[in-house]
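The structure under discussion appears below in the form of C-alpha cells.
Proteins come first, then strands; the chains are lettered A, B, ... in the order of their sequence lines, and each starts at number 1.
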There are 2 protein chains.
Amino acid sequence: MARPTRPQVTIIDVAIAAGVSKSTASRVLAGRGSASSSAHQKVSAAAKKLGYTPNALAKAMKSGSSNTIGVVIPDLANPFFSTVMRGLSDAARTAGFEVIITNTDNDVDIEVRALALLDEKRVDGLVIAPVFQTGSEAIDTLRERGTPIVFFDRSGPSRNSTPVVSLDHLNASRLATDHLLDLGHERIAIVTEAGNDLESLREYRGDPGLLRPSSQRLVGYLAALAARGITADRELVIHAEYDRADAARQVRDRLENTRDITALYGTDSVLTSGAFLALLDLGVKYPDDLSFLGFDDQEWSTMVRPSVTVVSQPRYRLGATAATCLIERIRHPEAELDDIRLPAKLTIRDSTAQLVR
Amino acid sequence: MARPTRPQVTIIDVAIAAGVSKSTASRVLAGRGSASSSAHQKVSAAAKKLGYTPNALAKAMKSGSSNTIGVVIPDLANPFFSTVMRGLSDAARTAGFEVIITNTDNDVDIEVRALALLDEKRVDGLVIAPVFQTGSEAIDTLRERGTPIVFFDRSGPSRNSTPVVSLDHLNASRLATDHLLDLGHERIAIVTEAGNDLESLREYRGDPGLLRPSSQRLVGYLAALAARGITADRELVIHAEYDRADAARQVRDRLENTRDITALYGTDSVLTSGAFLALLDLGVKYPDDLSFLGFDDQEWSTMVRPSVTVVSQPRYRLGATAATCLIERIRHPEAELDDIRLPAKLTIRDSTAQLVR
DNA sequence: GTGAAAGCGCTAACAT
DNA sequence: ATGTTAGCGCTTTCAC
C-alpha cells in the first residue's frame, strides 16, 4: 500500500477554502495586521479542517531568521555536556528557538565543517565550545559577517570581543584547594591535564580566560597555596593525559614514590575517576591515609564508600545561561556583553578529613 | 562599533561577479547539469572570492526536503539517551542529515507540542521514544500524512506499521536471570517499575513490543524462571517508582522482611542505583550474602568494590541504528521495514557468585 | 552550454 | 479590512 505522501496544505489552500485572499489568511494565521472577525472565523475554521501546519522554512526564508541556534561541542555523550545541553535546550525552547547540536571530538577539521553546515542552515547564532587553539579562521569569518556567537566553557586566545559563558574555573579550584588547606593539609597533590610550566603559571597575571580550563584550575590551586605562603612543589603536580587509565597510572606511580602526600585533588571528571581507581588499586584508606577531592558531580562519587567530596559545576545552569546570553546577543547585536563565569560549589562528603599528625 | 551584519552573499552576487546568469552559477555550484569548463572556473573563483555559502533553507524550500531529522526523547540529560543521541547524530551526519532533539520529560502535552514544532520545521522524518500510552493522535496525524517515523526503545500499543528500534528487552532480562540461575540461585528478587499483574504477564504470549520495556523485562525474568520449572514468587518482585530513593526504600524494606533471598536483580539504571544504595545501607556483603546484578553500564558499577555485574545495552549502536533505519525509510517510503531488536550483553564482574549452601 | 522565467510557501508593502 | 504584487535564494524546465 503506497504511502499517501499527501503534499502539505499551504496557506493558499486555506485561503481558497475560506474564500479569502492568501494575505488575509496570512494575517489571521500569523495574528498580525488586521482582519475582520468574520475572516478570522472562516480562516481559522478552514485551517483546522484542512490540518494546516505553517511552514517554518518559508517563514525563515522571508524573515531571514530561522529561530534556530547551532551548538558546537566536543561530545554530547559526555555527561557534562549532555546536562549542559539539556539546560541550553530548555532555555532556548522557552525563548522560541530550536537547537542543532554538532560534535567535534575536539578535532579542528570537524569543527570547521560543523560551522560551515550550521552556517548553511542559517542558524541565528552559535554557542561554541571551541577546540582550543590559536585563532580559528572559520569562527573569525562568521564573526565578521555578524553572526552572534557565544563561547562556552573556554574561549581560546582569539576570542576578541566574543563573550564566554563558563565555570569560574580558577575560583572553583581555589575553593577545592582551600577546603583541603582548611583541613590542615599542605602536601596536596594535584592531578592535572595542563602541560604548562609551573613557573610561568605561578606568575600569571593576565586574563585567566585566555588559558585553557585545565590551566585555569591549576592557577587556582597555585593561588590558594600562595595565599597561605606555600610554594607549590613540582613533585605534587601530577600530569596526566585526558584519559582515565593514564590518570590512574600516573597517580599510582607518584603515590608510590612520594611519601608525604596527605591530600589528592583531581581537576576534572576523567582525571578524578582515574585517580580514584589508583587509590583502590593501592588499597589507600581514604580519608585516613589521604584526603581525596574530585571534580564534577558524578554519580559514582555518591555510590562509593566513603563517598567523595567534589567541586560541583552548575551544569544545567551553565547551558541555560549560554542560551539566554546568545539569544540576548541575537536580539541586541549592538550591545556589548560581558563574560559570565558561574561559581562552583563545594559538595563535602566523606573523603576529606582533618589532617591528624 | 556597530556590527556589520553584512547580508549573506547569494548566488546572484556570484553570478554577477562571474559574469554569467544565475542558472549557470547554480549549475556549477550544485554540480548538476552541464557547464563549460570556463564557466566552471569563473563561478568557482567568484564564489570563493565572495565567500559564498549556500542557503540550505532556500534549498529545502525548493526540494521539499530539509535534510534534517527530528528526535523526540524523554531526557537528553539521561546518560542512556545522551549516548544514544551521539550514535544517532553521527550516523545521521554521515548520511548528510542534521538532527534536532526535543525533550518531553515523558509528558504527553510536551510531546504533542514538540511534534508540532518539528513538523513546522519540515523535518524529513522522526525518531520518537514515545510517552507510553494508548494512541497518540499527534503521531497518527503525522503518520497519515506520510512522515517517515521510527519508534525508539518502546513503541506503545498504537504502533501500527511503524517499525521500532530497541533493545531486545525481554531477552536481555532472560540473559540476566539465566546468569543468576546458572550460579545456582533460585530465590532471585527483581526490582521493577512494571505494575503489571504477575499472573497476566506469566501467561503473556502476545507481541512483547506492545508492552512497556519494564514489563518486557519482567516477562523475561518470568520466562527464564519458568524455563527451569520455577514459578516466580510474588514476594520476590519488588515494585518501585522510577526513582532512586524509592527503589532504595523498597529494596531495604523487602530485604529486611524476606530472609531467603540469595540474589537481587535491578531492571534499569535508576532502580539499580537505588537497590545498590539499599545494599550499602543494610551493610550487605555482596556477593557473599547476596549476588547483585544491575542494568545498563553505569560508571559507578566499575568504581565500587566489588564491582557490579550488569546487563549492558549497546547505546551508541541503538542510536546509530535508529538513524539508519529512519533514513532508509525516508529514502524508500514504500518499503516495509521490520522491527529491529538489538541484543544486550552480559558484563560479568564481581558482584555475582556461585551460590554456596 | 547557457539564459529567461516560473515557483517552492510565506510575508509585507502598497493599493483599494 | 482586504486583495494585489513583489520577493526571500534557490533549482529547474524550457527555449535558444
Side-chain angles (χ1 to χ4, degrees), chain A residues 5-44 46-47 50-68 116-117 119-124 145, chain B residues 5-44 46-47 50-68 116-117 119-124 145:
Chain A
T5 310
R6 216 176 312 158
Q8 291 280 351
V9 355
T10 76
I11 204 168
I12 290 206
D13 302 322
V14 175
I16 293 175
V20 298
S21 77
K22 66 174 178 166
S23 5
T24 301
S26 169
R27 279 190 281 262
V28 172
L29 262 13
R32 249 195 281 282
S34 43
S36 70
S37 71
S38 94
H40 222 283
Q41 301 266 317
K42 287 186 291 183
V43 172
S44 306
L50 267 48
Y52 169 75
T53 320
N55 184 330
L57 256 39
K59 272 193 183 134
M61 269 281 281
K62 270 254 69 163
S63 68
S65 70
S66 56
N67 283 337
T68 303
L117 259 132
D119 187 22
E120 292 187 12
K121 291 266 182 198
R122 294 296 187 267
V123 294
D124 293 336
R145 204 201 292 136
Chain B
T5 312
R6 216 176 311 160
Q8 291 279 352
V9 357
T10 77
I11 203 167
I12 290 207
D13 302 321
V14 175
I16 293 175
V20 298
S21 75
K22 67 172 177 170
S23 355
T24 301
S26 169
R27 279 189 281 261
V28 172
L29 262 14
R32 249 196 281 282
S34 43
S36 68
S37 72
S38 92
H40 222 282
Q41 301 267 317
K42 287 185 293 185
V43 172
S44 306
L50 267 48
Y52 170 75
T53 320
N55 184 329
L57 257 38
K59 270 193 185 137
M61 268 280 284
K62 271 255 69 160
S63 68
S65 70
S66 56
N67 282 336
T68 303
L117 259 133
D119 187 22
E120 293 187 11
K121 291 266 182 201
R122 295 299 187 264
V123 293
D124 294 336
R145 204 201 291 136

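The nearest pair of heavy atoms linking Gly51(B) to Val9(B) is O-CG1, 4.0 Å. Between Thr24(B) and Ala39(B) the shortest heavy-atom distance is CG2-CB, 4.0 Å. When all heavy atoms of Arg145(A) and Thr53(B) are compared, the pair lying nearest together is NH2-OG1, 3.4 Å. Listed here is the closest heavy atom pair of Gln8(B) and Asp13(B): O-OD2, 4.1 Å.
Distance Leu57(A) CG to dG7(C) C1': 15 Å, rounded to the nearest Å. The CG atom of Asn55(B) sits 18 Å away from the P atom of dC8(C) (whole-angstrom rounding). The CZ-C1' distance, from Arg122(B) to dC8(C), rounds to 12 Å in whole Å. Remark: P of dG9(C) and NZ of Lys121(B) are 18 Å apart, rounded to the nearest angstrom. Remark: P of dG3(C) and CD1 of Ile16(B) are 12 Å apart, rounded to the nearest angstrom. The distance from atom NZ of Lys42(A) to atom C1' of dT2(D) is 10 Å, rounded to the nearest whole Å. Straight-line distance from the CG atom of Leu29(B) to the P atom of dT12(D): 13 Å, rounded to whole Å.
Relative to the side chain of Lys59(B), the nucleotides dG9(C), dT11(C), dT11(D) differ in distance, and dT11(D) lies closest. When each of dG3(D), dT2(C), dT11(C) is scored by its nearest atom to the side-chain atoms of Ser23(A), the top-ranked nucleotide is dG3(D). Distances were taken from every side-chain heavy atom of Met61(A) (C-beta onward) to each of dT11(D), dG9(C), dA4(C); the shortest belongs to dG9(C). With dT11(C), dT2(D), dG3(D) as the candidates, the nucleotide lying closest to the side chain of Ile11(A) is dT11(C). In this structure, the nucleotide among dG1(C), dC10(D), dT2(D) sitting nearest to the side chain of Ser34(A) is dT2(D). For Ser26(A), the listed nucleotide lying nearest its side chain is dT11(C); candidates were dT2(D), dT11(C), dG9(D).
Residue-level contact check: Thr10(A) touches the backbone only, with heavy atoms under 4.0 Å from sugar-phosphate atoms and none from bases. Within 4.0 Å of Lys62(A), counting heavy atoms only, lies at least one base atom of the nucleic acid. Nucleic acid contact class of Ala39(B) (heavy atoms, under 4.0 Å, all strands): sugar-phosphate only. Here Arg27(A) lies in heavy-atom contact (under 4.0 Å) with a base.
When atom types are taken as modelled, the side chain of Ser66(B) and the backbone of Arg122(B) share a donor-acceptor pair closer than 3.5 angstrom.
Taking for each of Ser37(B) and Ile12(A) the nucleotide of DNA chain C with the nearest heavy atom, the 5'-most of the two is the partner of Ser37(B). When each of Thr53(A) and Ala25(B) is assigned the nucleotide of DNA chain C with its nearest heavy atom, Ala25(B) is the one assigned upstream, toward the 5' end. Between Lys22(A) and His40(A), the residue whose closest nucleotide on DNA chain D is further toward the 5' end is His40(A).
Each of Ile12(B), Val14(B), Val20(B) was evaluated against Ile16(B); a single residue qualifies, Ile12(B), per the side chain to side chain contact (heavy atoms under 4.5 Å, CB included) test.
At a cut-off of 3.5 angstrom, counting only N and O atoms as typed in the model, there is no donor on one side facing an acceptor on the other between the side-chain of Ser36(A) and the base of dT2(D).
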